There are 2 protein chains.
Amino acid sequence: MSASHPSDQDRNESLPGEAAARRVVLSVDAMGGDRGPATVVAGISRSARKNPDIDFILHGPKDELDRLIARKRGLAGRVTVRDASDVVTMHDKPSQVVRHGKSTSMWSALDAVRDGEAEVCVSCGNTGALMALSMMRLRKLPGVNRPAIAVLWPSRNPQGFNVMLDVGADIRADEKDLLQYALMGASYARNGMNLARPRIGLLNVGTEEHKGRPELKVAHELISEAAEQANFEYVGFVEGGDIPGDRCDVIVTDGFTGNVALKTGEGTASLIGDLLKEAFKYSPLSRFAAVLALTSLRRLQKRIDPRRVNGGVFLGLNGPVVKSHGSADAMGVSAAVKLAYQLAASGFQEKIAARVASAVSLAQDAAERGTETE
Amino acid sequence: MSASHPSDQDRNESLPGEAAARRVVLSVDAMGGDRGPATVVAGISRSARKNPDIDFILHGPKDELDRLIARKRGLAGRVTVRDASDVVTMHDKPSQVVRHGKSTSMWSALDAVRDGEAEVCVSCGNTGALMALSMMRLRKLPGVNRPAIAVLWPSRNPQGFNVMLDVGADIRADEKDLLQYALMGASYARNGMNLARPRIGLLNVGTEEHKGRPELKVAHELISEAAEQANFEYVGFVEGGDIPGDRCDVIVTDGFTGNVALKTGEGTASLIGDLLKEAFKYSPLSRFAAVLALTSLRRLQKRIDPRRVNGGVFLGLNGPVVKSHGSADAMGVSAAVKLAYQLAASGFQEKIAARVASAVSLAQDAAERGTETE
């Protein structure tokens, strides 16, 4: 996240759960990440030190969490532990978790948002199960057909990152879903990245209007018509190369294509990183050069480090959910917490709800017109 | 292309057009590339020097081409020029080229393959027009419903590259098309990359069997059943991260997803390259380190240089067509020519035709069974 941190706000001394103006309570699932609860506690401890305005409700086995928290100075008095004995693993099927997951930390973490005790939920757990459970416990926002997962992607834009959605909440998306992704993505870019008037692009295999699948052509019309009222700029069709580019700030696509693009980009970046390391190990001279180049290489790594932008956000539910990488370390968890805080502090949830609600009738009208003019 | 070059073959003195055992005639469109015909002539001159077994039929304005060829030593006697006054530009619509493009160099280049004068066609021109014209002039192979464009992609595999198809010949692909892509991709990997038993993966949003769109589940069954008879290994569903990975050698997907993945990967690699340059310009020390690191960085660049793997191949037609990047320089054109030569020398066209033909009835049976077991 390159967005500036709203650290100048007055500290408000209200207690967790009161949802006061400037104090933020986040609900954090301590379990389900690859590195276990110690890493999650280290991550929230890092966030707590940096930001005095956050309190936490932490979900998992109480005895273990209490021990971990006691070891971290500065967490005392800022974390409420909710005992949950079960854990959703990476191998659990979403359908099973929805049916039998009531005693899991993930379920408990979502319920704290559902019950208004916390503003945003953060979890490192199984994405499919988290989405299924989020839909069940938080329910979809009125007017939203398919929720979406939005991620940040390193780009050539001044803010350093672009938003892409959906990256896998649902493999299908019709023209109305794509319009809603545009509305939700614009709202997210405004509140999560401080972009007053984000530029939206619709992912396609070419920029010409006649290209692509039928639903893309209709979505193209719908998004174009919604742009002014929803306060974003629509740049039209964009291509895969624009995901890390500077033509737009938000890339809208279906969850199948978005998921493949995300993983292709990650895989390509990782391959290049490994080849770079290999190249520098080639000879004594290249190893010497690598030592001198270390700061430069670190600067590059920092710029594209996935831990700095850790956190897919589930949009379109009654409460935002930040999905951290399963393999996140303490720095990664802290980045996800920072994103969750930024969303809460900006009043994102109210804004996106209002935006979607006001767009529902508009979208309905536009969709009907769009179909007629096809 | 990391595949070894069959340079040990005896030179055969037969004339162009006689299609003798070891002498290969390639049909090259001199026009339509961003850098003009001088670059194409420089490219084929490079190839001609390296490989005495290739002759060329070159298509474009005769006077200009004759002048360019006269300036290159070693091309004399190895290039036949076919006069074509018109050029297909990057902005021409495929449908217009198909209707009115008879006097273009692209049309002429394809007809030399159609008429059996040359074995493979090479063009740097407009992809959409080249595909439309290829379908019209060369016709689809019996049993092929949708031709595909296959590209090579830098990967962690020993051969250095993976094959991905389709990357944009057609944005739709049903289960039978995906099966044909698997058959054609396997044949291409065997003949273009010397992999005796290529490993095929079907691109999806997860590796579990229950994931993905309905046509993917059926294609999963069809490809699995065809594997043994068609002499490839089927590794099942793969994800975006496997495109540059080492789980498989050939990635099968529809043209929409493949096109987005290709461009996302290219865009990400290009962003990282630029950020790397930036990082090394940061301070006098980092600039000094960059000088020392130059050989290492060049080694990396060579490894992922798109010019070395220049050439999408159109598969599923009566004659292979190699599509070079529009922006290819002489080295890029030469790489495309090398790929075209390798395909011709390996007898690729006969093999892929036989493979598809023998698979047609098999596929038909399997598709019916696949649908029944859905």
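Quantities reported herein were computed from a predicted structural model and do not represent experimental measurements. Here is how names work: the chains are called A, B, and so on, in the same order as the sequence lines, proteins then strands, and each is numbered from 1.
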Review point. Any chance the side chains of A:E239 and A:N204 put a donor and an acceptor closer than 3.5 Å?
Key: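 Distance-only check fails for A:E239 and A:N204.
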Exercise for review: Classify the side-chain pair B:N126/B:D92 by whether it contains a donor and acceptor separated by less than 3.5 Å.
Suggested key: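 Per modelled atom types, B:N126 and B:D92 side chains form no pair under 3.5 Å.
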Check your understanding: Who among B:G168, B:G255, B:S270 has the most heavy-atom pairs with chain A under 4.5 Å?
Key ->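 Max contact count across the listed options: B:S270.
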Practice item. Name the member of B:T253, B:T268, B:L262 that forms the most heavy-atom pairs with chain A at distances under 4.5 Å. Key: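 Max contact count across the listed options: B:T268.
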Please report the shortest heavy-atom distance between [X] and [Y], naming the atom on each side.
X	Y	answer
B:A173	B:L178	CB-CD2, 4.1 Å
A:M193	A:F161	CE-O, 3.1 Å
B:N162	B:P244	ND2-C, 4.3 Å
A:K263	B:V205	NZ-O, 3.4 Å

Chain A contact via [X] - which portion, at a heavy-atom distance below 4.5 Å:
X	result
B:I251	neither
B:D254	side chain
B:I243	side chain

Check your understanding: Can you tell which of A:K211, A:E208, A:R156 has the highest number of heavy-atom pairs within less than 4.5 Å of chain B?
Key ->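 If we count pairs closer than 4.5 Å to chain B, A:R156 comes out on top.
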Point to revise | Top contributor to chain B contacts, counting heavy-atom pairs under 4.5 Å, from A:A261, A:G267, A:G240 | key: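 Sorted descending by pairs with chain B, the first entry is A:G240.
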Point to revise | Contacting moiety of A:S155, where chain B heavy atoms sit under 4.5 Å | key: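 Only the backbone of A:S155 comes within 4.5 Å of chain B.
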